[in-house]
Amino acid sequence: MTDRSAPPPLICSSCDGFAFVAITLGGRDRHGHLRTITAHCPACNGLGTIHPPRTREGAHA
């Protein structure tokens with residue numbers, strides 16, 4: 001009997017699984033905190049994984 005579960009998602013090749021990062025803008029605010037912004041990977045939309053392309057059963061390549 002074949003296994004019909006979905007294959008596990010693949011790690012995004014663009015961000016290597018680090019889907020979003022905090023980037024410092026330099027300097028600190030008046031409370032001493034670093035000023036940062038968050039950047040998301042555009043290839044995986046901030047998930048860190050991509051789903052492999054689906055192939056239909058019985059489809060010919």
Side-chain angles (χ1 to χ4, degrees):
M1 181 180 244
T2 60
D3 184 17
R4 296 200 183 257
S5 64
L10 302 172
I11 294 176
C12 177
S13 60
S14 297
C15 65
D16 290 327
F18 295 96
F20 56 93
V21 294
I23 301 169
T24 181
L25 297 174
R28 296 182 179 263
D29 64 8
R30 63 187 176 112
H31 298 290
H33 300 116
L34 280 174
R35 293 182 299 166
T36 59
I37 58 171
T38 304
H40 298 278
C41 175
C44 63
N45 295 323
L47 296 175
T49 58
I50 56 173
H51 294 287
R54 290 187 179 195
T55 56
R56 292 177 35 197
E57 278 191 37
H60 298 285

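Hydrophobic cluster membership of L25, counting Ile, Leu, Val, Met, Phe, Trp and Tyr whose side-chain heavy atoms lie under 4.5 Å apart directly or via other members: V21, I23, I37.
The minimum heavy-atom distance between G48 and C15, with the atom names listed, is CA-SG, 4.2 Å. Residues D16 and I11 share a closest heavy-atom pair of C-CG2, 3.4 Å. Pairing each heavy atom of S14 with each of C41, the nearest pair is CB-SG, 4.0 Å. Among all heavy-atom pairs drawn from R35 and D29, the shortest one is CG-N, 4.3 Å.
Separating the CZ atom in F18 from the SG atom in C44 is a distance of 12.0 Å, to the nearest 0.5 Å. For the atom pair L47 CG and F20 CZ, the distance stands at 10.0 Å (nearest 0.5 Å).
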